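Each remark here refers to the structure printed beneath this line.
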There are 2 protein chains.
Amino acid sequence: MRSHGAALLGRSKVAPVSRNNAGLSTDRIIVEALRIIDGQGLRRLTMRRLGDAMEVEAMAVYHHFPLGKEQLFEAIAEYVTDVHRARTAEEEADAALGEEDGAGQGGADTGAEDAADERTWDERLRSWAQDYRAALLKHSGALPLLINRRPDTEAAVRSLELQYAAFSEAGLEGQDVVNAAAALESYVTGAVVHEVRAGGLESPHPARLDGRFPTVTGLRHTALDHEQAFTEGLERLLKGLVPGG
Amino acid sequence: MRSHGAALLGRSKVAPVSRNNAGLSTDRIIVEALRIIDGQGLRRLTMRRLGDAMEVEAMAVYHHFPLGKEQLFEAIAEYVTDVHRARTAEEEADAALGEEDGAGQGGADTGAEDAADERTWDERLRSWAQDYRAALLKHSGALPLLINRRPDTEAAVRSLELQYAAFSEAGLEGQDVVNAAAALESYVTGAVVHEVRAGGLESPHPARLDGRFPTVTGLRHTALDHEQAFTEGLERLLKGLVPGG
DNA sequence: ACCTGAACACCGTTCAAGT
DNA sequence: ACCTGAACACCGTTCAAGT
C-alpha cells in the first residue's frame, strides 16, 4: 500500500507521463487483482483484464511477477492472510477519521509498533481469531488460493508466535501447544469456508426434507448467525483446548 | 460407480463398438476427472484432456453436463463430499477382500443399509468426522472446488441429520445444536485445509527465525503429526461443545 | 529497468452435422 | 440420444523490440 501511494505520487508530480514506467508495483498489482476478484470473482481475473484495469499492457505484469500467474496467486494469498497488515491499515484509517472526530475509543495501545501486549492470553487468542476471520472474509473470493502451500512469510510466523506464546502462557507444553495452535487455525479457516459456502441463502434446505431427517426438519427455521456462531464456537474450542477450561 | 461399471459391461458384451455411445455417464466423467485432478492437479483438468482420457471428443462431455465446466465442478464437489458413498464403496472393497480373507474385523453392522445406529452420540460424531476428513484428503486436489455454494444434496442433509441428532442426544437444544454442528464441520474442513497447506515440509520454518519469535524457535523441532493432532483437537472441541464435557 | 506488440499453443463453448 | 468436427473468442506465456 505504501509503495502504491508513493508510485502514484511520483507519477503525477515528478515524472513526465511517458509510455514506460506506468507506476506498477507488486503491491499495486495485488490490490488491483483483489479488486477484480472481489468484484467479478476469481475466475474472471486474467492477466489481460488485470492489465486493462491498470491501463497497461497485460505483459507488463510479468516484469513484477516473472513466474507468471502462479506467483501472483501466491502473493495474493500472502497479502490476504497477512492479518497484521490488514489490522494496521484499518487502524490508520480509524486514526485518520479520529483526527476529525476528536475522541478515540479510549485506546491505550495506539500506534506503538510491536509494543508488549499486556492483554491476557485468552484475549490475545480471541482477537487474533476475530482479526484473521475478518481478513479472510474481506476477500473471500480469494479463498481457493490459500489452499496451496503455506507461505513461510514473516506474517505467518508472527501469527504462529502469538498462538504459541499464548497457549504456553495458558499452561500447555510442547506437542500440546503445536496441536492447539493447529486446531485453532483450522477452526477459524474452516468457519470462513463454511460461511462462504452457505452463501446468502437463509433457510438452508428448501426441499428434500422427508421423514428420514426429523431433527433437521425440526430445526429447519433455526437461523444461523455466522458471527455469533463463530464467536460461540471459538469460546467452546478454547475451553476445550486449555487444561483448566 | 455403479453406472460406470454397467456402462462398460454394456459396451464390451452387448453393443457393437460404434462411434457414438462411447459409454459416457456423469459418474464415469466425474471419476475420470478426479483421476486427472489427483494425478496432475486441478489446473490441468481441461475439457480436452478429460475427453482424451476417456478416448472421446472433448465436446461429448457437454452432453452430460450441458452447463459446462462449472456444472462439472459442482458435481465433483458433491461427489467428493459424499461421505456415505465413500464409506459404502470402502466397505464393499473390504467385503470383497474379506471373502478371500475369511475373518472380518468382528464387524456387527456389516451391510445393513440405514440400519439404526446403536453407537453413542459421541462415537457417531467421531466417526463422521474421521470419515469426512478421509474423504476430503483422498481428493485434496479438489478442495478449492468445495468453497463454492454448498450442495443441497441428500448426502449433505444426511450428514446434517447425523450431527443434529447426535448433539440433540448430547443435551443441546435449538440454536446450540445448529452452532455446534457448524463448529464441528468448520473444524474438520479447516483441519484438512491446514494439513494440505502444510504440504510435505517437515520443519515448517527453514529460516526467518530471529529473536522476535522465541516460542516458535523453542518449538521448532516439535513435529506435527496431522492425524494425531486432528484426533486430539476433535476430542477437545467435542469436550467444549457439550455441557457436561 | 520497465513496458509494448506480435506471436504461439491452448482453452471453454457454440453450432451444425452425423448416426 | 449421443457423439463428432470445425469454428470463435479468449487465455497464459515467450520473445524481440522499444525507450
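Keep in mind that this is a model prediction, so the values were computed, not measured. Proteins get letters first, then strands, A, B, ... in listed order; numbering begins at 1 in each. Atoms considered below: every heavy atom in the structure, side chains included; atoms not considered: hydrogens, waters and symmetry mates.
With rounding to whole Å, I29(A) atom CD1 is found 11 Å from dC2(C) atom P. Atom CD in E55(B) sits about 15 Å away from atom C1' in dT4(D), given to the nearest Å. One interatomic measurement links the two molecules: CE of M47(B) to C1' of dT4(D), which rounds to 15 Å at whole-angstrom precision. When the P atom of dT13(C) is taken as reference, atom CD of E70(B) falls 8 Å away, rounded to whole Å. To the nearest angstrom, P of dG12(C) lies 10 Å from CZ of R43(A). Note: CG (D52(A)) to P (dG5(C)) measures 13 Å, nearest angstrom. Nucleotide dG12(D) holds its C1' atom 13 Å from the CZ atom of R44(B), rounded to whole Å. Rounded to whole Å, atom C1' of dT4(D) lies 16 Å from atom CG of L50(B).
The line from CZ of F230(A) to CD of E195(A) is 9.5 Å long, rounded to the nearest 0.5 Å.
Salt bridge absent: E90(B) and R87(B) never bring a charged side-chain N and a carboxylate O closer than 4.0 Å. Taking 4.0 Å as the cut-off between side-chain N and carboxylate O, R48(B) and E57(B) do not count as a salt-bridged pair.
For the pair R158(B) and F213(A), the cation-pi test (distance below 6.0 Å, angle within 45°) is failed.
A donor-acceptor pair is defined here as one N or O able to donate and one able to accept, closer than 3.5 Å; no such pair exists between the side chain of R133(A) and the backbone of V192(A). At distances below 3.5 Å, not a single donor-acceptor pair connects side-chain atoms of T189(B) with backbone N or O atoms of S186(B). For the pair R49(B) (side chain) and R44(B) (backbone), a donor-acceptor distance under 3.5 Å is present.
Both distances falling under 3.5 Å, in either a Watson-Crick or a G-U wobble arrangement, place dC2(C) opposite dG18(D). Nucleotide dA7(D) forms a pair with dT13(C), judged by Watson-Crick or G-U wobble geometry with both contacts under 3.5 Å.
In this structure, of dC3(D), dC11(C), dA7(C), it is dC3(D) that holds the atom nearest to the side chain of A22(B).
Contacts of R49(B) with the nucleic acid, taken as non-hydrogen atoms under 4.0 Å apart, involve only primed sugar atoms and P, OP1 or OP2.
If you check residues 56-69 of chain A against DNA chain C, the residues with a heavy atom closer than 4.0 Å are V56(A), E57(A), M59(A), A60(A), H63(A), H64(A), listed by number.
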